[in-house]
Amino acid sequence: MFRRATTGILARTIRVRLFSTGLPAAQTIDSTFAEAWKKVAPNLDPPKTPLSFMQPRLPTPSAIPSKLTVNFVLPYASEISGKEVDMVIIPASTGQMGVLPGHVSTITELKPGVLSVLEGNEVKKYFVSSGFAFIHANSIADIVAVEAAPLDQIDSGLVQKGLAEFTQKLSSASTDLEKAEAQIGVDVHSALNAALTG
């Protein structure tokens, strides 16, 4: 009985909270700052604030779109920008993760492995070393990798040579730092080798 009473009271006092995807996009002009600036320096245009550089969030569609929009970027280049695809398979730290249009919002860490971008019958594969993937509710996937290369541009002979070198370094490492660096090299080269042979 006490549980029913508290539930009834709470239901009347708590308003329904919208999810972040249901909130309206923030305004792009910080009007209070601009007004304050005009009072202090009426002859100068106000400087841009971080809010002015932000783009409004796209609304969440009411129906599931037929395509997934993918942005795949590296620190030095943009591999894919706004491309509509059927599916992306991400090497997440928890395992391979397939992302289709309408996927639930997710943030996941990338592990060394193959990122596959499927568009119709065409599959483009990249090897990624690490990074993050941000899956948004409006069927947009932002993939940020530290290093990546198309799988067809990787030399399997160099991968085998690198794996042998790092395996030897791991067995002869004397400090924790040397062991950690060698282990990272072994992990990345093992993942590269698996991607090329499998």
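Below, each value reflects all heavy atoms present in this structure, side chains not excepted, and no hydrogens, waters or symmetry copies.
Between the side chain of S116 and the main chain of K125, no donor-acceptor pair closer than 3.5 Å is present. Looking only at distances, a side-chain donor or acceptor of S105 sits under 3.5 Å from a matching main-chain atom of A137. With N71 contributing its side chain and S81 its backbone, the two residues share no donor-acceptor pair below 3.5 Å.
The two atoms that bring D86 and G120 nearest to each other are OD2-N, 2.6 Å, heavy atoms only. Considering all non-hydrogen atoms of both residues, A145 and V128 come closest at CB-CG1, 4.0 Å. Here the closest heavy-atom approach between residue S66 and residue P101 is recorded as O-CG, 3.6 Å.
Hydrophobic cluster membership is shared by I89 and V123, with clusters built from Ile, Leu, Val, Met, Phe, Trp and Tyr side chains linked at under 4.5 angstrom. Hydrophobic clustering (ILVMFWY, side-chain heavy atoms < 4.5 Å, transitive): F72 and V99 are in one cluster. Hydrophobic cluster membership is shared by V85 and L110, with clusters built from Ile, Leu, Val, Met, Phe, Trp and Tyr side chains linked at under 4.5 angstrom. V70 and L118 are members of different hydrophobic clusters when ILVMFWY side chains are connected at heavy-atom separations under 4.5 Å. There is a path of hydrophobic side-chain contacts, each under 4.5 Å, that joins M97 to V117.
Residues in residues 102-124 take part in these salt bridge (Lys or Arg N to Asp or Glu O under 4.0 Å) pairs, two or more places apart or across chains: K83-E119. A ring-ring contact (aromatic ring centres under 6.0 Å, His included) check over residues 168-198, counting only residues at least two apart or in different chains, returns the pairs F166-H189. Listed by first then second residue, pairs satisfying salt bridge (Lys or Arg N to Asp or Glu O under 4.0 Å) with a partner in residues 146-158 number zero, not counting sequence neighbours. Applying the ring-ring contact (aromatic ring centres under 6.0 Å, His included) definition to pairs two or more places apart or across chains, none involves residues 167-188. Residue pairs that meet the ring-ring contact (aromatic ring centres under 6.0 Å, His included) test with at least one member in residues 84-108, sequence neighbours left out, do not exist here.
When side chains are defined from C-beta on, P91 counts as touching L115, because their heavy atoms get closer than 4.5 Å. Counting heavy atoms from C-beta outward, I135 and I90 have side chains that approach closer than 4.5 Å. Taking the side chain as every heavy atom from C-beta outward, I80 and Y126 approach each other to under 4.5 Å. L68 places none of its side-chain heavy atoms less than 4.5 Å from the side chain of L100. Between L163 and S190, the closest side-chain pair of non-hydrogen atoms falls below 4.5 Å. For the pair E181/V186, no side-chain contact is recorded, criterion being any heavy-atom separation below 4.5 Å from C-beta on.
In the displayed structure, K67 atom NZ is contacted under 6.0 Å by more than 12 heavy atoms of other residues, nucleotides or ligands.
Rounded to the nearest 0.5 angstrom, K179 NZ and S171 OG are separated by 11.0 Å. Taken to the nearest 0.5 Å, the OG atom of S130 stands 11.5 Å off from the CG atom of D187.
Grouped with V144 in one hydrophobic cluster are V73, I107, F132, F134, the linkage being side-chain heavy-atom contacts under 4.5 Å among Ile, Leu, Val, Met, Phe, Trp and Tyr residues.
A side chain to side chain donor-acceptor pair (under 3.5 Å) with H136 is found for exactly one of T69, D142, T106, namely D142.
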For this session: Tell me, with the steps shown, if K38 and D45 meet side-chain contact (heavy atoms from CB on, under 4.5 Å).
Result: CA-CA 8 Å; K38 288 293 183 190; D45 290 333; 4.1 Å; yes
For this session: Give the intermediate values and the outcome of side-chain contact (heavy atoms from CB on, under 4.5 Å) for residues F127 and V159.
Result: CA-CA 12 Å; F127 182 82; V159 171; over 6 Å; no
